[in-house]
Amino acid sequence: MAQSAGKTALITGASSGFGLLTCVTLARRGWQVLATMRDLNRRGKLEDAARNAGVLEKLEFLPLDVTNTAQIAAIAANVAERNAPLHALVNNAGFAAPGFAEDVTDAELREQFETNFFGAAAMTRAFLPQMRRQGFGHLVMVSSIAGRLGFPGTGSYAAAKFALEGWTESLRYEMKALGIQVAIVEPGAFETDIWTRNAKVAASTTDPTSPNAARVERWRRRVEGGRKKADPQVVADCIANVLDTPRPRLRHVVGVDAKMGLAMSALLPCGLFEAIVLKNTGME
């Protein structure tokens, strides 16, 4: 805790999932945490978790929708006016938009990108001036194994995460000489609500007249009937460890399934890997 005491981190999407757990994890390590979320009425779950961990006083709750440029500018100004360093920005806010590519509309695809890619990029640009002045800071993007591998029914989500990863990799080179550390965390499947409560299913995907209706139903049964997902605390611990590492590497893959998927895609013949994916997702 000693190396983290007095440090401040801002986390987006803090009301649930990885964001909530990361807030509590960092607070337990001595960080001051600016926990941001679109709707402060949803702060209760995080408040309870922080109170139970004895770290509620380490958290400050702030309203922030990462697609709202005025709110982003306001919160960046708020932090800058404190005349205290911001040691870390964790771009975690996001949602999933399940749907087959031919069923997803342009508007639904753009909405996915607005939060999962453009929101993270806008937040980063808003806080880079302060980190430049400081000469230090950590920028962490919470991506996904879907930022490295595409799977059926997740094309919109994967597209936004692929874009985020490419943009972040370029950013890392640009920030290296400035003392600003840039890293990506890539979780596999964990027990969060991103594919349930926080999902926005493409409207045509649930249309029984869709040419993909039967395939979608098979895909849905496979996804919902899969094995129990891993404990998301592992991801929060990874993010905290990245922030406590002076010079972290670029990518941090988290989860047995994510590591196995990347290894199989690299080692197996393309046709065999595709056959395995098709079978496991009900698309064969």
Side-chain angles (χ1 to χ4, degrees), residues 12-20 36-39 42 64-69 72 90-124 141-168 184-226 229 232 235 255 257-258 261 277-278 280-283:
T12 66
S15 64
S16 64
F18 299 142
L20 182 154
T36 74
M37 59 196 74
R38 282 185 303 169
D39 183 1
R42 292 187 59 201
L64 175 65
D65 179 344
V66 299
T67 67
N68 186 318
T69 54
I72 292 174
V90 180
N91 283 309
N92 166 74
F95 72 94
F100 282 25
E102 65 179 318
D103 291 330
V104 176
T105 66
D106 286 348
E108 289 169 333
L109 184 57
R110 287 192 178 98
E111 184 181 16
Q112 179 80 107
F113 268 76
E114 284 297 333
T115 296
N116 290 23
F117 174 67
F118 289 112
M123 283 294 296
T124 301
M141 307 293 185
V142 180
S143 180
S144 166
I145 191 59
R148 304 275 291 280
L149 300 171
F151 296 100
T154 66
S156 301
Y157 184 73
K161 292 298 188 182
F162 266 73
L164 180 64
E165 296 231 0
W167 189 83
T168 303
I184 305 169
V185 174
E186 302 170 328
F190 285 86
E191 198 63 50
T192 71
D193 57 5
I194 189 169
W195 293 99
T196 53
R197 184 190 185 285
N198 285 339
K200 295 184 180 180
V201 182
S204 295
T205 294
T206 57
D207 184 347
T209 65
S210 165
N212 289 309
R215 303 170 77 207
V216 168
E217 182 58 25
R218 290 198 304 273
W219 172 81
R220 185 188 63 78
R221 286 200 302 267
R222 289 297 180 99
V223 171
E224 293 180 355
K229 297 181 178 64
V235 178
D257 61 329
V277 171
L278 290 171
N280 287 338
T281 56
M283 294 295 100

Measuring from atom [atom1] of [X] to atom [atom2] of [Y], what distance do you get when rounded to the nearest 0.5 angstrom?
X      : Y      : atom1 : atom2 : value
Arg38  : Asn68  : CZ    : CG    : 11.5 Å
Leu164 : Phe118 : CG    : CZ    : 11.0 Å
Glu186 : Arg148 : CD    : CZ    : 4.5 Å
Thr115 : Asn91  : OG1   : CG    : 12.0 Å
Tyr157 : Leu109 : OH    : CG    : 14.5 Å
Thr154 : Ile145 : OG1   : CD1   : 11.0 Å

So [Y] and [X], do their side chains get closer than 4.5 Å, heavy atoms only?
X      : Y      : answer
Phe117 : Gln112 : no
Val185 : Phe18  : no
Thr124 : Met141 : yes

CA sep, side-chain torsions, deciding dist, call: Leu64, Met123, side-chain contact (heavy atoms from CB on, under 4.5 Å)
CA-CA 10 Å; Leu64 175 65; Met123 283 294 296; 3.6 Å; yes

Side chain Thr105, main chain Glu108, donor-acceptor under 3.5 Å:
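Present.
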
Would you confirm whether Asn92, through its side chain, and Gly13, through its main-chain N or O, come within 3.5 Å as a donor-acceptor pair?
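The answer is yes, because a donor-acceptor pair under 3.5 Å joins these two groups.
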
Could you list the residues that satisfy side chain to side chain contact (heavy atoms under 4.5 Å, CB included) with Ala159, not counting sequence neighbours?
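For Ala159, the residues satisfying side chain to side chain contact (heavy atoms under 4.5 Å, CB included) (neighbours in sequence not counted) are Phe113.
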
Please enumerate all residues that pass side chain to side chain contact (heavy atoms under 4.5 Å, CB included) together with Asp257, with sequence neighbours excluded.
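Residues passing side chain to side chain contact (heavy atoms under 4.5 Å, CB included) with Asp257: Ala189.
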
Side chains of Asp39 and Ser15: do they bring a donor and an acceptor to under 3.5 Å?
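Distance-only check fails for Asp39 and Ser15.
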
Using the side-chain contact (heavy atoms from CB on, under 4.5 Å) rule, take Val277 and Phe151 through it: C-alpha gap first, then chi angles, then the decisive distance, then the call.
CA-CA 7 Å; Val277 171; Phe151 296 100; 3.8 Å; yes

For residues 152-163, which residue pairs pass the salt bridge (charged side-chain N to carboxylate O under 4.0 Å, His left out) check, not counting sequence neighbours?
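Sorted pair list comes back empty.
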
